[in-house]
There are 2 protein chains.
Amino acid sequence: MTDDDAVFKALADPTRRYLLDRLYERDGRTLTELESELEMTRFGVMKHLRVLEDAGLVVTRRAGREKQHFLNPVPIRLVHDRWIDKYTEHRVAALSDLKKRLEESA
Amino acid sequence: MTDDDAVFKALADPTRRYLLDRLYERDGRTLTELESELEMTRFGVMKHLRVLEDAGLVVTRRAGREKQHFLNPVPIRLVHDRWIDKYTEHRVAALSDLKKRLEESA
DNA sequence: TTGACATGTGACCGTTTGGTCACCTATGAT
DNA sequence: ATCATAGGTGACCAAACGGTCACATGTCAA
């Protein structure tokens, strides 16, 4: 499995994207805390976090018997840079902003 | 299936990412042309292009009996914007540039 | 040191996914 | 008109994936 393959596979599951959303909102959450926000057993959440960590999208730190999780945005930026060069970025970013503003006002 | 779900599922397969790479390099390629660049039957390639098109990552135009394929970068920018806000973008972009320069010089 | 809590492992199973094939439709050239 | 070419559909099968459970390890508090 290539390096970027792990990133895309990790992003493919909605539960894992939800976990990234939670960490984007606030870093340092533990497994137990994340589990309480999902309709899933602890084992399922643990598996998903493992996939995210292997992909480098989440980095962790042990604190006693707890394990804190942090979002790492670099792999996501690399996805962006693979298909959007600097010259088209401004134009595409403008479209993206427009789309988000339209959805917020809807 | 939510809208963005289709995008992430589409990006999860290496063959589909390779197809996006080919279209990033040059737009307007036809099914037959793309097939010739892959170790796969036409049916497999067609299925993959269908997934990319349903996700909005590829847009098409018929020209006679041919069908031309074009890369649409907007959904990819939206992925970026979901987890990278404007304030951290500059820092992350710098890291991404550094990583790519290191790989190119290696 | 005993017990409760936070996290970790391996096996298991139904569902989804990637890829192929037989067969079909439509367009262009001769 | 005829034939090759470009693209399209539905069924099928092996492999990968999401989720659960029984069981296990390590850490904090009383």
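Within every chain, numbering begins at 1; the chains are lettered A, B, ... in the order of the sequence lines, protein sequences first and strands thereafter.
For the helix from C/dT1-D/dA30 to C/dT30-D/dA1, the axis fitted to the five pairs at one end and the axis fitted to the five pairs at the other end meet at an angle of 30° (nearest 10 degrees).
In this entry the distance linking CD of A/E35 with P of C/dT7 reads 9 Å, nearest Å. Summarising the geometry, the separation between CZ on A/R62 and C1' on C/dC5 is reported as 12 Å, rounded to the nearest angstrom. One atom, CG of A/L34, and another, C1' of C/dG8, lie 16 Å apart when rounded to the nearest Å. Separating the CG atom of A/L49 from the P atom of C/dG8 is a distance of 9 Å, rounded to the nearest angstrom. The nearest whole Å value for the distance from the CE atom in A/M46 to the P atom in C/dG10 is 12 Å.
Residues meeting the side-chain hydrogen bond (donor to acceptor under 3.5 Å, both in side chains) test with B/E104, sequence neighbours left out: none. The ring-ring contact (aromatic ring centres under 6.0 Å, His included) check on A/H69 picks up nothing, with sequence neighbours excluded. Residues passing the side-chain contact (heavy atoms from CB on, under 4.5 Å) test with A/K47, sequence neighbours excluded: none. Applying the side-chain hydrogen bond (donor to acceptor under 3.5 Å, both in side chains) rule to A/K100 yields no partners; only residues at least two apart in sequence or on another chain are considered. With sequence neighbours left out, A/H48 forms a ring-ring contact (aromatic ring centres under 6.0 Å, His included) with no residue at all. With sequence neighbours excluded, the residues satisfying side-chain hydrogen bond (donor to acceptor under 3.5 Å, both in side chains) with A/D21 are B/R82, B/W83.
Using a 4.5 Å heavy-atom threshold, the side chains of B/D4 and B/L78 count as separate. Taking 4.5 Å as the limit, some side-chain heavy atom of B/K99 sits within range of a side-chain heavy atom of B/E103.
A heavy-atom distance below 4.0 Å to DNA chain D is reached by these residues of residues 64-72 of chain A, ordered by number: A/G64, A/R65.
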Show which side-chain atoms of residues 89-97 of chain A pair as donor or acceptor with protein atoms under 3.5 Å away, not counting sequence neighbours.
{"from": "A/E89", "atom 1": "OE2", "to": "A/R77", "atom 2": "NH2", "distance (Å)": "3.4"}
{"from": "A/E89", "atom 1": "OE2", "to": "B/R77", "atom 2": "NH1", "distance (Å)": "3.2"}
{"from": "A/S96", "atom 1": "OG", "to": "B/D81", "atom 2": "OD2", "distance (Å)": "2.6"}

Run the side-chain donor-acceptor check on residues 31-42 of chain A: report pairs under 3.5 Å with partners two or more places apart or on a different chain.
{"from": "A/E33", "atom 1": "OE2", "to": "A/R26", "atom 2": "NH2", "distance (Å)": "2.5"}
{"from": "A/S36", "atom 1": "OG", "to": "A/E33", "atom 2": "O", "distance (Å)": "2.6"}
{"from": "A/E37", "atom 1": "OE2", "to": "A/R29", "atom 2": "NE", "distance (Å)": "3.1"}

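The salt bridge (charged side-chain N to carboxylate O under 4.0 Å, His left out) analysis of residues 57-67 of chain A, with sequence neighbours excluded, yields the pairs A/E53-A/K67.
Comparing A/A63 and B/L31 along DNA chain D, the residue whose closest nucleotide (by nearest heavy atom) sits nearer the 5' end is B/L31.
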At under 4.0 Å between heavy atoms, which parts of nucleotides 14-22 of chain D does protein reach? Answer with one letter per nucleotide, 5' to 3': B base, S sugar-phosphate only, - none. ---SSBBBB

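The phosphate of C/dT7 (OP1 or OP2) has a side-chain N or O of A/T32 nearer than 4.0 angstrom.
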